[in-house]
Amino acid sequence: MEQADPLDELLTCRFEFGRKVVEPCAIVIFGASGDLTARKLIPAFYHLCREKQLPTPFRIIGFARREKTDEAWCQELRAALEQFSRTKPIDDAVWAEFATNVSYCQGDISDPSAYKKLADRLASFSNDKLRRNLLFYLATSPSQFGEVVEHLHQTGLLRKEVAAEPDQRVVVEKPFGHDLASAHKLNAELTRFAHEKQIFRIDHYLGKETVQNILMFRFSNSIFEQLWNRQSVDHVQITVSEKLGVGTRGGYYEEAGALRDMVQNHLLQVLSLVAMEPPVTLEAESIRDEKVKLLKSIRPMLASQVDANVVRGQYTAGEMDGQPRPAYRHEPKVKPDSTVETYVAMRLLVDNWRWSNVPFYLRTGKNLPQSASEVRVQFRRTPHVLFAAQCGPKLDANAVTLRLQPNEGISLRFNGKVPGTSMEIRPVRMHFSYDSEFGAYTPEAYERLLLEAIAGDATLFIRRDEVETAWSIVDPIRQAWEARSLGGKEFYPAGTWGPVAADELLAQRGHAWRNPQPIT
Ligand code: BG6
């Protein structure tokens, strides 16, 4: 690792703008026996406890149907932590402290008496804040959201509060609906009993350091922001590729597909941060206003335009790292004639002053050769004189790549003279790596998100109009696809970069996908 310049330390600006203080809080997890609790929530709470970031005091209550004692639940959680913790071994002293604050409440989600039991448990806390400052985490199926908030409301645990900093908050997981109409319905159900300010919709991409850094990179550096527009940018590529197939999640995936699972949320979130206008302030609503404005300026697609702008794909059998991979249609719980897409590539146009006519290419897929997420801002070519006149299209254009994961970092690509007596020019790279600059620091997205939800800061959560606008972008695509089955050109072998049609989509405008740099 390079030595930091002491001046960099002096110039580190710690801003606490609007940063909310975490106050004693009781957290209730609905769906406490589920996968999300074991894999993400408990490891995140444990690490927050280890870093002394949780409020003092705090309580976590798991709510689920199965009968079990507090001790039995704690044992399950400890086993899950051994498996899923990002740091090992588990610190016994931290665990012991954590576990004393954790308890289990058995109950059926549709049984009013279970909520009464929960209310009694909360009322038994001696600390006044613990009785009032409540975070309800709905790690359940979205079809149960409405029912849970209604019961919470009827039991007096959830009041619809208009206050700027409401005491009671509800965190909901994705998928938030499966189209605009269902998202609308969910929103209506939730907002009957809770104010929009009390609803925290999760998109875990917003909890990633590198995704948060997009705004800092753009709005704290004048050299890049000057170029961030149609005059300088030729096009933008956003890639979220995954080596994994759908594995055991076939049942869920059959209902979702890549468009709903990844594009509607994660990719559109990244796009909105990359392309939005500067917010007026750093307050949650200013930032979210700009994100919504950006999403609203994405050119709507008519069904007849989908084929020209969007490519879907589904993986067939193939190979990854020398190992065979089954076809999607042969994965467990997948229909043998499924038309669900495991890959999407699309061209979006943002009809606003800054981005008019600049294509934004988005792609995501399972069983691709690499797991990597990145944003590549490809700048325009130099005029066709001097070196460009000599080299033609071989002279590469500049690009800034924001590598979101893994090998988090930012690269600037430009051309340089190859040393020697011959006249050769080739692209070179200036690279900033998080690891070498700051040392390995890889908190899970959930740690940040849970902390923000406890503090009541909604900046990193999705607002109602945001989620609905995102659905209105993808719905026409889904509808166009539903009208026809998959064609031969839409299949790709596992372990390749998706259907050939995705390359053709870019070639139409003289562009080509730049695949993420392999991890070295
Ligand atoms: C989830 C999707 O939201 O994001 C998964 O449901 C996907 O299908 C995952 O694998 C990707 O997240 P990450 O953080 O691994 O990039």
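Residues take their numbers from the sequence shown, with the count starting at 1. Whatever order the structure lists ligands and atoms in, that order sets their numbers, starting from 1.
Listed by atom number, the atoms of ligand 1 under 4.0 Å from His266 heavy atoms are 1 (C), 3 (O), 4 (O). Against a heavy-atom cut-off of under 4.0 Å, Lys366 is close to the following atoms of ligand 1: 5 (C), 7 (C), 8 (O), 10 (O). Ligand 1 places these atoms under 4.0 Å from at least one heavy atom of Met262: 2 (C), 4 (O), 7 (C). Taking a cut-off of under 4.0 Å to the non-hydrogen atoms of Lys174, the atoms of ligand 1 that pass are 1 (C), 2 (C), 3 (O), 6 (O).
Distances between N or O atoms of Gln405 and those of ligand 1 include at least one value under 3.5 Å. Considering backbone and side-chain N/O atoms, Arg249 comes within less than 3.5 Å of an N/O atom of ligand 1.
Among all protein heavy atoms, the one lying closest to atom 14 (O) of ligand 1 is Lys208 NZ, 2.6 Å. Protein heavy atom at the shortest distance from atom 10 (O) of ligand 1 is Glu242 OE2, 2.4 Å. Nearest to atom 12 (O) of ligand 1 among the protein's heavy atoms is His204 NE2, 3.1 Å. With hydrogens left out, the protein atom closest to atom 6 (O) of ligand 1 is Asp261 OD1, 2.6 Å, a heavy atom.
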Taking it one step at a time, do Tyr343 and Tyr315 satisfy ring-ring contact (aromatic ring centres under 6.0 Å, His included)?
CA-CA 8 Å; Tyr343 176 96; Tyr315 60 81; over 10 Å; no
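Counting heavy atoms closer than 4.0 Å to ligand 1, residue Tyr205 contributes side-chain atoms (C-beta onward) but none from N, CA, C or O.
Remark: the backbone N or O of Glu82 is paired with a side-chain donor or acceptor of Lys88 at under 3.5 angstrom. Between the Thr469 side chain and the Leu295 main chain, no donor and acceptor come within less than 3.5 Å of each other. With Asp321 contributing its side chain and Gln323 its backbone, the two residues share no donor-acceptor pair below 3.5 Å.
By the 6.0 Å and 45° rule, Arg201 stacks over the aromatic ring of Phe176.
When all heavy atoms are compared, the tightest approach of Gln517 to Arg403 is O-NH1, 3.4 Å.
By the 30° and 60° cut-offs, the orientation of the rings of Phe63 relative to Phe30 is tilted. By the 30° and 60° cut-offs, the orientation of the rings of Phe98 relative to Tyr46 is perpendicular.
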